[in-house]
Amino acid sequence: MFNLILFGPPGSGKGTQSEKLIARYGLKHLSTGDLLRSEIASQTPLGIAAKSLMDKGQLVPDEVVIGMIDHALVNNPKARGFLFDGFPRTKAQSEALDALLKKKGASINVVLALNVTEDELIKRLLNRGLTSGRSDDTKEDVIRARIGEYHNKTSTVADYYDKFGKVVLIKGEGSVDEIFDALSAEIDKRLDK
Ligand code: ADP
């Protein structure tokens with residue numbers, strides 16, 4: 001299996017690059033944001049509880065997203081690998097993911113971390129809010145809260161995987177194709193081994 005975490009703050013381009021990466025490498029895309037939005041659309045109790053947190057720019061509880069990922073891993077026994085997008089976002093989620101993958105005899109091969117300046121992030125998210133229909137993309141204070149959660153809680157995920165030498169920084173500004181080529185080059189190096 002080849003398992004990849006695409007890492008970076010909100011608006012760093014994880015969704016855009018994930019689509020291209022899964023097409024090239026045949027990985028199964030697991031986005032906790034997408035999974036949560038589908039729970040909201042179906043108006044499940046989980047979705048209703050998550051929505052109020054998401055609309056404030058806060059993280060939903062670890063046990064909720066860990067449960068969703070556990071479920072997705074079990075339901076995709078034949079996947080040749082997973083691309084994790086927006087997960088893990090805390091150290092507890094990272095440890096849980098490692099334990100879940102271990103049960104499959106697998107692990108995270110690489111964490112590709114997209115680097116984008118804060119001004120650019122806010123610009124991209126406000127712009128996405130014009131068309132995405134996402135209520136957390138329209139208000140600048142909610143966007144700033146999400147970036148705050150990233151600095152307070154999520155950036156520790158990179159420190160966690162850095163201890164295992166798994167993190168590679170990628171410049172997240174430039175054209176979509178330039179960034180895709182840089183990500184692909186790092187994956188190709190590791191697939192060859
Ligand atoms: P973005 O990274 O662009 O903000 P996402 O779709 O990844 O968008 O996430 C949207 C929201 O969903 C987050 O602000 C958070 O409230 C919630 N969320 C998504 N993934 C997680 C996670 N792994 N842990 C906790 N909350 C999450």
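These numbers were taken from a predicted model, which means no experiment stands behind them. Atoms within each ligand, like the ligands themselves, are counted from 1 in listed order.
Ring geometry for F84 versus F87: interplanar angle of 30 to 60°, hence tilted.
Each of the atoms 2 (O) of ligand 1 lies under 4.0 Å from some heavy atom of K14. Less than 4.0 angstrom separates some heavy atom of R146 from each of these atoms of ligand 1: 1 (P), 3 (O), 4 (O), 14 (O). The contact set between ligand 1 and R134, taken as ligand atoms under 4.0 Å from a residue heavy atom, comprises 1 (P), 3 (O), 4 (O), 5 (P), 6 (O), 8 (O), 10 (C). Taking a cut-off of under 4.0 Å to the non-hydrogen atoms of G86, the atoms of ligand 1 that pass are 20 (N), 21 (C), 22 (C), 23 (N). Every atom of ligand 1 with a heavy atom of F87 under 4.0 Å away is listed here by number and element: 23 (N). Remark: ligand 1 atoms within the under-4.0 Å shell around heavy atoms of Q93 are 22 (C), 23 (N), 24 (N), 25 (C). Of all atoms in ligand 1, listed by their number and element, those nearer than 4.0 Å to a heavy atom of P10 are 1 (P), 2 (O), 3 (O), 4 (O). Atoms of ligand 1 found under 4.0 Å from any heavy atom of Q58, numbered from 1 in the order shown, are 15 (C), 16 (O).
Ranking the protein heavy atoms by distance from atom 3 (O) of ligand 1 puts R128 NH2, 3.1 Å first. Nearest to atom 18 (N) of ligand 1 among the protein's heavy atoms is L36 CD1, 3.5 Å. Closest protein heavy atom to atom 11 (C) of ligand 1: M54 CE, 3.7 Å. In terms of protein heavy-atom proximity, atom 20 (N) of ligand 1 is nearest to T32 OG1, 2.8 Å. At the top of the distance list for atom 19 (C) of ligand 1, counting protein heavy atoms only, stands R89 NH1, 3.4 Å.
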Problem - K123 vs E120, salt bridge (charged side-chain N to carboxylate O under 4.0 Å, His left out): CA-CA, chis, key distance, verdict - result: CA-CA 5 Å; K123 207 169 76 190; E120 174 70 15; 3.3 Å; yes
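Looking at V65 against ligand 1, only its side chain comes within 4.0 Å, counting heavy atoms.
Checked for salt-bridge contact, D141 and R144 miss the test: no charged N lies under 4.0 Å from a carboxylate O.
Under the 4.5 Å side-chain criterion, counting only non-hydrogen atoms from C-beta, K51 is in contact with S135.
Which of D137, V60, D136 comes nearest to atom 26 (N) of ligand 1 through a heavy atom is settled by distance: it is V60.
When the shell of 6.0 Å around NZ of K171 is examined, it contains 12 or fewer heavy atoms from other residues, nucleotides or ligands.
The side-chain contact (heavy atoms from CB on, under 4.5 Å) test with F82 is passed by exactly one of L27, L73, I22: L73. Shown are H151, K153, R146; of these, the side chain to side chain donor-acceptor pair (under 3.5 Å) with E149 is made only by K153.
The backbone N or O of R89 lies less than 3.5 Å from a partner atom in the side chain of Q93, making a donor-acceptor pair.
Remark: A92 pairs with D62, T90 by the side-chain contact (heavy atoms from CB on, under 4.5 Å) rule, at least two apart or across chains.
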